[in-house]
Amino acid sequence: MKVPMVDMLAGYPPIKDEIETAVKAVFNKANFILGEEVVKFEKEFAAHVGAKHAVGVANGTDALRLAIIAAGIKPGDEVITSPFTFIATTETISQCGAIPVFADIDPVSYNLDPKSVEKKITKKTRAIIPVHLYGMPCDMDAFMAIAKKHGLKVIEDTAQAFTGKYKFTGGDWKSLGAIGDCGTFSFFPAKNLGAFGDGGMVTTNDDKICEELKALRNHGSKVRYIHEMEGFNSRLDTVQAAVLGVRLKHVEKWTEMRNAVAAKYAEALKGVCVTPVVPANTRHSFNYYTIRFDTKAKRDNAQKHLTELGIANQIYYPIALHLQKAYAHLGGKKGDLPNCDHVQDTVFSLPMYPELSDAQIKTVTDAVKESLKVAVK
Ligand SMILES: *Cc1c(COP(=O)(O)O)cnc(C)c1O
């Protein structure tokens with residue numbers, strides 16, 4: 001049985017009519033740029049994560065870019081983040097003229113390690129960008145405490161973790177992305193809440209940052225043709241907002257389904273490999289389901305075996321950012337961040353989407369088990 005990494009059409013038939021009605025309404029009004037569907041979706045999204053504001057932007061990368069600028073990061077400033085993430089997290093730092101500084105990851109969660117972050121703080125440090133990798137909540141209490149102590153901004157890269165939750169203080173649930181100064185989200189089709197194209201969002205509780213973001217996404221102008229600064233053309237498309245407004249109503253159920261798939265994977269793979277260790281009082285959003293072996297040889301063998309059987313799989317991420325050519329000028333080398341070195345060599349991700357069937361799960365987990373018994377050429 002072939003198993004794809006994601007099946008973006010699986011969730012479509014039940015909501016097809018609703019989406020087509022919403023999209024046709026935009027076509028009929030032709031309010032393509034910052035139409036009322038965008039404003040409505042921003043309000044609903046802000047309410048969903050429990051943030052005061054949500055500002056729709058063109059994609060998750062621009063969400064980071066605009067959040068970094070709106071948070072006051074300037075050329076020459078240092079921003080500490082994870083080396084074990086998608087390059088969007090760091091190219092946006094560099095492209096603002098700031099300097100990405102890589103700290104090591106935690107060997108269990110694979111997320112940025114607060115203790116390593118503290119060691120990287122210098123006089124130039126202005127912000128921390130924790131990335132909720134695969135949907136796994138970061139240790140936000142620790143990051144917020146470090147930020148408070150050193151006067152830093154916190155931007156949560158929540159691209160993979162919409163609907164993830166964290167218990168912040170006093171037993172109140174907090175959505176990931178609503179804890180730091182800004183949360184950035186992506187609606188790339190394969191994320192938990194996917195558009196029919198590109199889209200992104202920044203959430204914040206800060207009125208001033210919100211005002212900045214709204215200007216930045218629209219050529220720096222708060223009043224039409226009056227520019228106090230330069231900005232970007234980075235608005236969330238109205239057609240996408242209409243699609244997202246419909247899909248938002250279903251996303252909690254889809255995350256529950258992802259968690260149910262994850263529980264079945266964990267049960268079947270007990271004692272076979274390391275499965276995700278979700279911290280108490282948090283909710284993982286399971287954008288990806290990532291397993292780990294004790295050696296690179298076992299990982300590579302499992303990957304080859306699954307591929308041979310037609311089971312999709314992917315290493316997120318095979319080369320950590322500090323070891324990429326794009327960051328050679330920063331001088332990173334193997335051994336600098338030992339947890340990251342080990343994790344990049346031993347993890348890989350299995351198919352994950354809400355509608356994954358029990359038969360598919362069994363096919364995948366049987367193949368992982370088999371891979372430990374056969375040597376694949
Ligand atoms: C997907 C992703 C982004 C970028 O989002 P786009 O919408 O594709 O621009 C940023 N950070 C992380 C961690 C991501 O996974």
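All values below come from the heavy atoms of this structure, side chains included, with hydrogens, waters and symmetry mates left out. When a residue number appears, it is its place in the shown sequence, counting from 1. In listed order, ligands and their atoms are each counted from 1.
Atom 1 (C) of ligand 1 has Lys191 NZ, 1.7 Å as its closest protein atom, hydrogens excluded (heavy atom only). Atom 11 (N) of ligand 1 has as its closest protein heavy atom Asp157 OD2, 2.8 Å. Atom 9 (O) of ligand 1 has Thr61 OG1, 2.5 Å as its closest protein atom, hydrogens excluded (heavy atom only). Counting protein heavy atoms only, atom 10 (C) of ligand 1 is closest to Ala88 CB, 3.6 Å.
Distances below 4.0 Å separate heavy atoms of Gln160 from the following atoms of ligand 1: 13 (C), 14 (C), 15 (O).
Between Arg126 and Glu78, none of the side-chain N atoms (NZ, or NE/NH1/NH2) sits under 4.0 Å from a carboxylate O, so this pair counts as no salt bridge. A salt bridge is absent between Glu212 and Lys208; no separation between the charged side-chain nitrogens and carboxylate oxygens falls under 4.0 Å. Between Asp345 and Lys334 there is a salt bridge, with a side-chain nitrogen of the basic residue lying less than 4.0 Å from a carboxylate oxygen of the acidic one.
Put simply, part of Thr85 is less than 4.0 Å from ligand 1, judged by heavy atoms.
No side-chain donor-acceptor contact under 3.5 Å links Glu230 and His219.
Between Asp198 and ligand 1, no N or O atom pair is found at a separation short of 3.5 Å. At under 3.5 Å, a nitrogen or oxygen of Gly60, whether backbone or side chain, sits near a nitrogen or oxygen of ligand 1.
Distance alone, capped at 3.5 Å, is enough to place a donor-acceptor pair between the Thr255 side chain and the Val251 backbone.
Within 6.0 Å of NZ on Lys24 lie no more than 12 heavy atoms contributed by other residues, nucleotides or ligands.
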